[in-house]
Amino acid sequence: MIQAVRGMKDLLPTEAARWQAIEQLARQVFQCYGFQEIRLPLLERTELFARSIGESTDIVEKEMYTFNDRHGDSLTLRPEATASVVRAFIENHLDQGAGVKKYFTIGPMFRYERPQKGRYRQFHQINCEAFGVDAPELDAELILMLMDLLEKFGLDQVRLIINSLGCPGCRPGFKQDLTEFLARQVEHLCPDCQRRVATNPLRVFDCKSKTCQEMVTAAPTLQEQLCPDCRRHLDRVLELISGFGLSFEVNPRLVRGLDYYTRTAFEVVTTQLGAQDAIAGGGRYNGLVKALGGPDLPAIGFAIGQERLAALLTDSRLGSEPHPFLFIAALGAAARYRGFQLLQEIRKLGLAAEMEFTDRSLKAQMSIADRRKATYVLILGDRELATGEAPLRHMAGGGQETMALAGLAPALARRFAAEEGT
RNA sequence: GUGGGCGUAGCUCAGUCGGUGGAGCACCGGGUUGUGGCCCCGGAGGCCGCGGGUUCAAGUCCCGUCGCUCACCCCA
């Protein structure tokens, strides 16, 4: 048996319906905040990710699906969306025109990681990115929009965590101080953190080892060393999102794994997902557009993990499965042919209709109609073909009436409009 | 990449001391010459993940391997 590739999931009808509902609500909310949808390629030149995410990050070093195409160009299945959005922004000259530019995109990402709960090799993100404005109001707006959306999904057991990662003016100095602090007592760090001192010292703040945790309590924090501009920016963001009944916490230990982030970083976590607890994360990346060859424009964005979000909504009624308005139970070849014609007439009027094409007893066909949750069943046999009238059974009520076959489709359409239509 | 748990019917899972593999749900048919749900009767469905070993005999014990899963790591 050929199985799906490791870490890649089939979305079956029940779950696909929930995903559609998620996307529909997200689109609706994003529209209110002025975000427009864009759709981007899944494949990009490898260089794009190496330059944006960072050469020495785990994502680029060991998690990307990278291969050479038939011309020998190195291509990569995107491990995240921001780099592609920025590339498209620059390439299509979307910076032209006045004001902030806001985009969202929804789709699959690929990372070669060991699968576990809430982590897959093909996973899906709902991404929002905004370009051109450095004002803290934009940071606040984005965070408020994210929380607005999560609230509309009915999520309450979530925590919003905010931090500032500084800027090229203040972060390098801090990073230097921290590295020196850690290097002085490197032998007390766990093996992972000994490696992190060289690769990503900020990550030590995130370590789960008790001894590492104790050590970093004495370490310098970025909060203390933010430059005045970064300090003001963070304070203003916090001030702006306060007063909307939103609870949040500032956590100096929140760090991001991607190199391009500057200043505001935030994450939304839950206790209900196991180890992979972040359902959304994002932040500012003021230097990225320029670093990728575009104009020197500030930007900010976030991503929602769609699998993780969907996992939190399994109990909700989001995404009801469709059911036919009419099921045609036909007995015999002649009736099946007539039923087939009726089926098509009804569908062309926009109603959902189904019938069974195999020779099964009326009882069996009724049973199928019941399981499909059909509203009505039309029973069609030789008798009905002769008289031109057929019984129409209302499944929920159990009542039955006689309908003329001539003009049946429009009659049903009128009834649908009255009973279930808009 | 490292570690733990688990692989038995479509699904969820029993299977004792090694002795001819089961249940519930789902599916098919019947109980109604042409009427669903509830109920009753019957039926179909298994390389017990795969390979090797021990044994008179292996779903069961041992080794290997593959898969799934959870955690580390990383992150959405």
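Below, each value reflects all heavy atoms present in this structure, side chains not excepted, and no hydrogens, waters or symmetry copies. Throughout, protein chains are lettered first and strands after them, A, B, ... in sequence-line order, and every chain is numbered starting at 1.
- For A:Phe30 and A:Phe104, the distance between ring centers is under 6.0 angstrom.
- Consecutive Watson-Crick or G-U pairs involving RNA chain B, each under 3.5 Å on both distances, make up stems of three or more pairs at B:1-7 with B:66-72, B:10-13 with B:22-25, B:27-31 with B:39-43, B:49-53 with B:61-65.
- A straight line from CG of A:Asp277 to P of B:C70 spans 15 Å, rounded to a whole angstrom.
- Residue-to-nucleotide proximity on RNA chain B shows that, of A:Leu273 and A:Ile379, the 5′-proximal contact is made by A:Ile379.
- Applying the side chain to side chain contact (heavy atoms under 4.5 Å, CB included) test between A:Ile304 and each of A:Leu149, A:Val268, A:Ile22 identifies A:Leu149 as the sole match.
- With sequence neighbours excluded, the residues forming a side-chain hydrogen bond (donor to acceptor under 3.5 Å, both in side chains) with A:Arg336 are A:Asp359, listed by chain and number.
- Nearest to the side chain of A:Arg308, among B:C27, B:A76, B:G36, sits B:A76.
- When the nucleotides B:G34, B:G36, B:A76 are ranked by their closest atom to the side chain of A:Arg111, B:A76 comes out on top.
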Give the table of side-chain donor-acceptor pairs shorter than 3.5 Å for residues 272-284 of chain A, with sequence neighbours excluded, one pair per line with atom names and distance.
unit_1: A:Gln272; atom_1: NE2; unit_2: A:Thr270; atom_2: OG1; d: 3.4
unit_1: A:Gln276; atom_1: OE1; unit_2: A:Arg308; atom_2: NH2; d: 3.3
unit_1: A:Arg284; atom_1: NE; unit_2: A:Asp139; atom_2: OD1; d: 3.0
unit_1: A:Arg284; atom_1: NE; unit_2: A:Asp139; atom_2: OD2; d: 3.0
unit_1: A:Arg284; atom_1: NH1; unit_2: A:Val133; atom_2: O; d: 3.3
unit_1: A:Arg284; atom_1: NH1; unit_2: A:Asn286; atom_2: OD1; d: 3.0
unit_1: A:Arg284; atom_1: NH2; unit_2: A:Val133; atom_2: O; d: 3.0
unit_1: A:Arg284; atom_1: NH2; unit_2: A:Ala135; atom_2: O; d: 3.4
unit_1: A:Arg284; atom_1: NH2; unit_2: A:Asp139; atom_2: OD1; d: 2.7

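- For the segment residues 155-165 of chain A, the set of residues with a heavy atom within less than 4.0 Å of an atom of RNA chain B is empty.
- Of the candidate nucleotides B:U69, B:U2, B:U35, B:U69 has the atom nearest to the side chain of A:Lys9.
- Taking the charged nitrogens against the carboxylate oxygens, A:Arg236 and A:Glu137 do have a contact shorter than 4.0 Å, which makes a salt bridge.
- Pairs of residues two or more places apart, or lying in two chains, that qualify as ring pair (Phe, Tyr, Trp, His ring centres under 6.0 Å) and include a residue from residues 105-126 of chain A are A:Trp19-A:His124, A:Tyr65-A:Tyr112.
- Sorted by first and then second residue, the salt bridge (Lys or Arg N to Asp or Glu O under 4.0 Å) pairs with a member in residues 161-176 of chain A form an empty list; sequence neighbours excluded.
- Taking every side-chain heavy atom of A:Arg360 into account, B:G29 is the closest of B:G34, B:G29, B:G36.
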